[in-house]
Amino acid sequence: MNLALGRVAIFLAIVLIGTTVAHAATRDREVVAFSGFAPGTIVVKTGERRLYFVLDQQRALRFPVGVGRSGKTWTGTARVEGKFVRPAWSPPQEIRRDRPNLPEVIPGGAANNPMGEAALTLRGGEYAIHGTNRPQSIGGFVSYGCIRMYNRDIVKLYRLVAVGTPVIVEQ
């Protein structure tokens with residue numbers, strides 16, 4: 001009898017922990033109070049490691065992101081120049097210099113492709129807002145300047161934006 005009760009307690013603990021984790025992940029993608037930017041704008045606050053998609057004059061959809069590591073961050077404005085689903089990735093020269101064993105091109109959808117499920121390119125392809133094959137990196141200062149999102153989140157953002165969408169990156 002005690003063994004059965006112990007199993008029930010463990011099961012309930014797992015369910016509660018799973019529910020709490022799922023709720024926490026959902027909270028990160030919630031609609032929040034946000035003002036000062038035009039509706040339809042993407043605003044990245046690197047210090048917060050959050051991306052906001054402005055819905056109207058008072059609200060935005062908030063997503064957790066990974067941003068540029070020390071010395072690789074940037075601020076300023078851009079526009080979404082391209083939209084790609086499961087893009088292939090060619091490591092830029094700077095990354096190839098640091099990691100010379102990388103192949104010239106990693107096919108879209110490959111397990112080692114860091115672009116994930118979708119990408120929104122910025123500044124002539126120098127940067128992108130994209131998914132990731134390393135979800136544990138979300139929330140950190142981890143990239144060479146790109147904005148990383150959970151794959152489920154970039155898919156949602158991809159559907160909300162068009163080529164030409166303004167992007168503002170702030171500290």
Side-chain angles (χ1 to χ4, degrees), residues 24-25 27-30 32 34-38 40-55 60-171:
R27 262 197 323 259
D28 284 340
R29 292 189 321 266
E30 68 188 349
V32 297
F34 197 80
S35 61
F37 299 92
T41 301
I42 295 171
V43 179
V44 178
K45 295 191 177 262
T46 59
E48 293 179 18
R49 282 148 343 268
R50 295 285 186 264
L51 179 150
Y52 298 86
F53 178 71
V54 182
L55 299 170
L61 190 56
R62 179 181 65 192
F63 299 94
V65 295
V67 298
R69 60 180 74 159
S70 180
K72 307 294 182 196
T73 60
W74 61 280
T75 58
T77 61
R79 291 201 175 268
V80 172
E81 295 173 357
K83 293 177 60 175
F84 303 91
V85 174
R86 301 185 93 186
W89 181 63
S90 296
Q93 281 301 99
E94 182 180 15
I95 295 173
R96 290 194 61 70
R97 187 175 56 249
D98 293 347
R99 299 180 58 204
N101 293 334
L102 284 173
E104 292 289 325
V105 176
I106 299 176
N112 63 336
N113 184 318
M115 299 300 280
E117 290 298 313
L120 308 171
T121 57
L122 314 169
R123 295 190 164 186
E126 182 178 1
Y127 299 109
I129 300 169
H130 62 82
T132 184
N133 63 343
R134 296 184 53 231
Q136 69 277 13
S137 69
I138 302 303
F141 295 96
V142 294
S143 75
Y144 279 75
C146 287
I147 310 301
R148 291 184 191 172
M149 299 181 76
Y150 288 116
N151 283 320
R152 67 178 181 264
D153 292 345
I154 189 62
V155 167
K156 182 169 189 155
L157 185 64
Y158 181 96
R159 291 179 182 144
L160 292 171
V161 304
V163 169
T165 296
V167 178
I168 300 169
V169 179
E170 301 180 334
Q171 285 288 107

Could you tell me whether the side chain of [X] and the main chain of [Y] form a donor-acceptor pair under 3.5 Å?
X    : Y    : value
N113 : P87  : yes
T165 : V80  : no
R99  : R97  : no
R148 : M115 : no
Q171 : G47  : no
N151 : E117 : yes
R96  : L102 : yes
K83  : A162 : no
W74  : G145 : yes

Partner residues of F84 under the ring-ring contact (aromatic ring centres under 6.0 Å, His included) criterion, sequence neighbours left out: none
Which atoms form the tightest heavy-atom contact between [X] and [Y], and what is the distance?
X    : Y    : result
T75  : E170 : CG2-C, 4.0 Å
A118 : Y158 : CB-CD1, 3.9 Å
I42  : V161 : CD1-CG1, 3.9 Å

Axial cation check for Y144 ring with R69, 6.0 Å and 45° limits: yes
